[in-house]
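Heads up, the thing below is written out as structure tokens.
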Amino acid sequence: MEDDRRVKLERLRADGIDPFPPDFDGVTPIARVHAAHGTLEPGEETDVSFRVAGRLTARRGHGRATFLDLVDRSGRIQLHARLDVLGQEAFDRLTSLDLGDLIGADGTAFKSRRGELSLRTDAWRLLAKSLRPPPEKFHGLEDTETRYRRRELDLIANEEARRLFVLRSRVVAAIRRYLDEHDFLEVETPVLQPLYGGAAARPFTTHHNQLDRDLYLRIATELYLKRLVVGGLERVYELGKNFRNEGISPKHNPEFTMLEWYEAYADYEDAAARLEELVAYVAGEVGYSGELDLTPPWRRLTLRAAIEEWTGIDVLAAREPAALVSVARERGIADLDASETWPRLVDDLLSKHVEPALDQPTFIFDYPEELSPFAKAHRSASPEDRLVERFECFAAGIEIANAFSELNDPHEQRARFEAQRAELAAGDEEAQPFDEDFVRALEHGMPPTGGLGLGIDRLVMVLSGRRSIREVVLFPAMR
RNA sequence: GCCCCCGUAGCUCAGUUGGUCAGAGCGGCGGACUUUUAAUCCGCGCGGCGAAGGUUCGAGUCCUUCCGGGGGCACCA
């Protein structure tokens, strides 16, 4: 079958036609043709000529006339090719093209009897020959593996896929617009780091040959960004890839896009207000019309109240593993592992019993200190509860953001690293390595700061209603 | 790492309890057709059923292993 295409290619060359010409000037996006003439009446003709270019996706022949569908990034338009307009040779060559070929065409706008805006083609040119057949035109491409591994075919075959990734791009652009307008500075910090940190995750390790030294792909941008706040940049953000050497799941890709921002003279309440404002702004900019109510303010409740609401358990009244496991049993939750630490048990309750229920956007405030080595101690909670000023934000049943009032007391930060060092020694592969450069930076003085991390892939999932991260990542990790 | 499921033409799929089961639609090729849009009509199958073994008189159809994929669990605070 591909041989047919190669034969055609050679025939074109033999006829002196370049199947891969270098350029084609003066192309109008198809959407602009629709904008200009979408309101024509069925059967109405114009004298207005357009030059369009794109991929041939369908052909409906009628002897001495043929309809062809042409698709570009902005949309689809029908070409009407007539023998009496084009002449024999141009007509024959046009109608013997293969689906998937890229062509440019000039034609005047008219609306067919059935009401479809079309171009009466009077000239055309092959812009690139396609040597492989495109996916099936009606059912589209559905095979998941092909859609992910060969995304270009997904984009060719499925308009939904095109729309989704346009949406993703617009989401990212809107985020930048919002932050730029609010006086944030976009910065870039190292992806290759001598020490990883800022999140609990196992890193990818690589090696610098000349330095003969291992480096890590960043798992977060947090610590470098806070050093910039120390440096006086005050409002910074970075939007980029993080890498975590963990499992792949519908919510997890080994490399994923994260936004982190840090704002001096702000705390986690300010971060929450900014997040809901940002997301509402983005939703408006991309025309979100889904089921979620993203209008601020979003629901806010404490971690303690959230777990109590969905499980009936007051975790702060049972602040050690045995007590918590036993209270959970009374409430009919028997799958807690008594050998786990208390904070991990709390996290387990949150992720299994609360998170899946959080459909509408919701902030969960005030986490145990042990889970949050970079968050400031809570200003008003009783000290024995050992809570920090941290929230996570959930929507559509998944976590989308995490934020703190940043810990800026260098002595306390040093103590937290010491505690993490002990965890690391005890075998916790996700404990934070001691980052002396970061502590030194804090010793120079960091203003009170609110910081937040927002998972861009997950935000796009929420805004597009997709349930797998692989749907919103162009080239997701595959086995 | 564990469990379940899937893998048939370029694409989307159908193939009862193993015996014309190698099929359909789209695409392709040839022909008809100057307003169709999953265009229509006529003709042509272009793969040997993910791979390798095995059971059987006979295997897409049963068994084993391997490869690839999906889902779930664990993990991912």
Side-chain angles (χ1 to χ4, degrees), chain A residues 1-5 7-8 42-45 57-69 76-86 91 95-96 98-100 110-118 120 130-150 153-154 156-158 199-202 219 242 244-254 256 303 335 337 340-352 355 364 367-375 390 392 398-399 402 423 428-432 455 467-470 478-479:
Chain A
M1 322 192 46
E2 292 161 29
D3 283 349
D4 292 330
R5 290 171 181 248
V7 166
K8 286 182 182 177
E44 193 176 348
E45 306 269 340
T57 60
R59 174 177 50 229
R60 296 174 289 281
H62 291 268
R64 285 178 282 280
T66 289
F67 293 98
L68 303 154
D69 288 344
R76 181 185 69 85
I77 195 161
Q78 173 170 270
L79 304 180
H80 191 210
R82 288 176 23 175
L83 176 59
D84 59 353
V85 173
L86 281 164
F91 180 80
T95 54
S96 62
D98 291 306
L99 297 190
F110 75 101
K111 235 178 200 174
S112 71
R113 281 177 209 153
R114 298 288 182 89
E116 170 135 3
L117 181 64
S118 310
R120 172 146 304 125
S130 167
L131 294 176
R132 289 181 184 275
E136 203 250 12
K137 68 177 184 185
F138 179 60
H139 294 92
L141 177 65
E142 295 179 358
D143 179 69
T144 313
E145 180 178 7
T146 308
R147 287 187 50 236
Y148 294 162
R149 286 191 192 275
R150 305 179 57 200
L153 298 184
D154 187 32
I156 288 171
N158 299 322
R202 285 145 68 196
I219 59 173
N242 287 343
R244 297 186 184 177
N245 207 338
E246 313 273 6
I248 297 172
S249 86
K251 296 185 208 170
H252 301 269
N253 199 56
F256 62 101
L303 177 65
D335 62 343
D337 179 354
E340 283 289 3
T341 61
W342 181 84
R344 288 190 73 94
L345 292 173
V346 170
D347 190 62
D348 199 53
L349 290 172
L350 175 68
S351 60
K352 282 188 181 149
E355 177 172 346
I364 305 285
Y367 282 63
E369 177 200 298
E370 301 94 314
L371 291 174
S372 318
F374 300 106
R390 169 187 178 187
E392 291 185 306
I398 58 177
E399 178 196 343
N402 179 27
E423 295 284 318
D428 181 354
E429 292 187 83
E430 291 175 353
Q432 295 286 317
R467 291 167 67 183
S468 168
I469 195 169
R470 305 170 108 184
M478 302 291 282
R479 284 187 196 184

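Note that the structure is a prediction, hence the values are computed from the model and not measured. Computed from heavy atoms alone, side chains included, the values below leave out hydrogens, waters and symmetry copies. Every chain is numbered from 1 and lettered A, B, ... according to where its sequence line falls, protein lines coming before strand lines.
Summarising the base pairing, B/G28 is matched to B/C44 through a Watson-Crick or G-U wobble pair whose two defining distances lie under 3.5 Å. Pair check for B/C66 finds B/G50; Watson-Crick or G-U wobble, both atom distances under 3.5 Å. Across all strands shown, B/A22 remains unpaired; no Watson-Crick or G-U wobble contact has both distances below 3.5 Å. Summarising the base pairing, B/G58 is matched to no nucleotide, lacking a Watson-Crick or G-U wobble pair whose two defining distances lie under 3.5 Å. The base-pairing partner of B/A14, taking Watson-Crick or G-U wobble contacts with both distances under 3.5 Å, does not exist among the strands shown.
For the OP1/OP2 pair of B/G28 and a distance below 4.0 Å, the side-chain nitrogens and oxygens of A/R59 include at least one atom meeting the criterion. Look at A/K352 and you won't find any side-chain N or O under 4.0 angstrom from OP1 or OP2 of B/C75. Contact check, A/R470 against B/G71: a side-chain N or O comes under 4.0 Å of OP1 or OP2.
Of the candidate nucleotides B/U35, B/C11, B/G69, B/C11 has the atom nearest to the side chain of A/P135. Considering only side-chain atoms of A/K8, the nucleotide from B/U34, B/U36, B/C29 that sits closest is B/C29.
Heavy-atom nearest nucleotides on RNA chain B were determined for A/S351 and for A/K111, and the one closer to the 5' end corresponds to A/K111.
Note: CZ (A/R114) to C1' (B/U34) measures 15 Å, nearest angstrom. Here the P atom of nucleotide B/U34 and the CZ atom of A/F91 are 9 Å apart, to the nearest Å. Here the C1' atom of nucleotide B/U34 and the CZ atom of A/R64 are 7 Å apart, to the nearest Å. Look at CZ on A/R150: it is 11 Å from C1' on B/C11, rounded to the nearest Å. One atom, CD1 of A/I469, and another, P of B/C75, lie 19 Å apart when rounded to the nearest Å. Residue A/D69 contributes atom CG, which lies 13 Å from atom C1' of B/U35 at whole-angstrom precision. Put simply, NZ on A/K251 is 12 Å from C1' on B/C75, counting in whole angstrom units. Whole-Å rounding puts the A/I248 CD1 to B/G71 P distance at 11 Å.
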Evaluation steps, side chain to side chain donor-acceptor pair (under 3.5 Å), between A/R390 and A/N402: CA-CA 7 Å; A/R390 169 187 178 187; A/N402 179 27; 2.9 Å; yes
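A/D84 comes within 4.0 angstrom of a nucleotide base, judged by non-hydrogen atoms across all strands. Residue A/L99 is in sugar-phosphate contact alone, with no base atom involved, counting any heavy-atom pair closer than 4.0 Å across all strands shown. Within the 4.0 angstrom heavy-atom criterion, no nucleotide atom of any strand lies near A/Y367. A/P250 comes within contact range of the sugar-phosphate backbone alone, with a heavy-atom separation under 4.0 Å but no base atom that close. Using a 4.0 Å heavy-atom criterion, one finds that A/Q432 contacts no nucleic acid atom at all. Heavy atoms of A/R149 sit under 4.0 angstrom from primed sugar atoms or phosphate atoms, though from no base atom. Within the 4.0 angstrom heavy-atom criterion, base atoms lie near A/G61.
Taking the P atoms as reference points, B/C21 lies 28 Å from B/U40, given to the whole Å. Annotation: B/U56 and B/C29 have their C1' atoms spaced 41 Å apart (nearest Å). B/A74 and B/C49: their C1' atoms are spaced 36 Å apart (whole Å).
Taking the six-membered ring where the residue is Trp, A/F67 and A/H80 present parallel rings, their angle staying beneath 30° rather than reaching 60°.
Side chain A/R113 to base B/U35: no donor-acceptor pair is found below 3.5 Å. Counting atom types as modelled, A/Q78 pairs no side-chain N or O with a base atom of B/U35 as donor and acceptor under 3.5 Å. Between the side chain of A/R120 and the base of B/U35, a donor-acceptor pair under 3.5 Å is found.
Syn is the glycosidic conformation of B/G48, whose angle stays within 90° of 0. With a glycosidic angle further than 90° from 0, B/G15 counts as anti.
Considering A/T57, A/I77, A/L99 in turn, A/T57 is the only one that fulfils the side chain to side chain contact (heavy atoms under 4.5 Å, CB included) rule with A/D69.
Contacts of A/E370 classified as side chain to side chain donor-acceptor pair (under 3.5 Å), with partners at least two apart in sequence or in another chain: A/R319.
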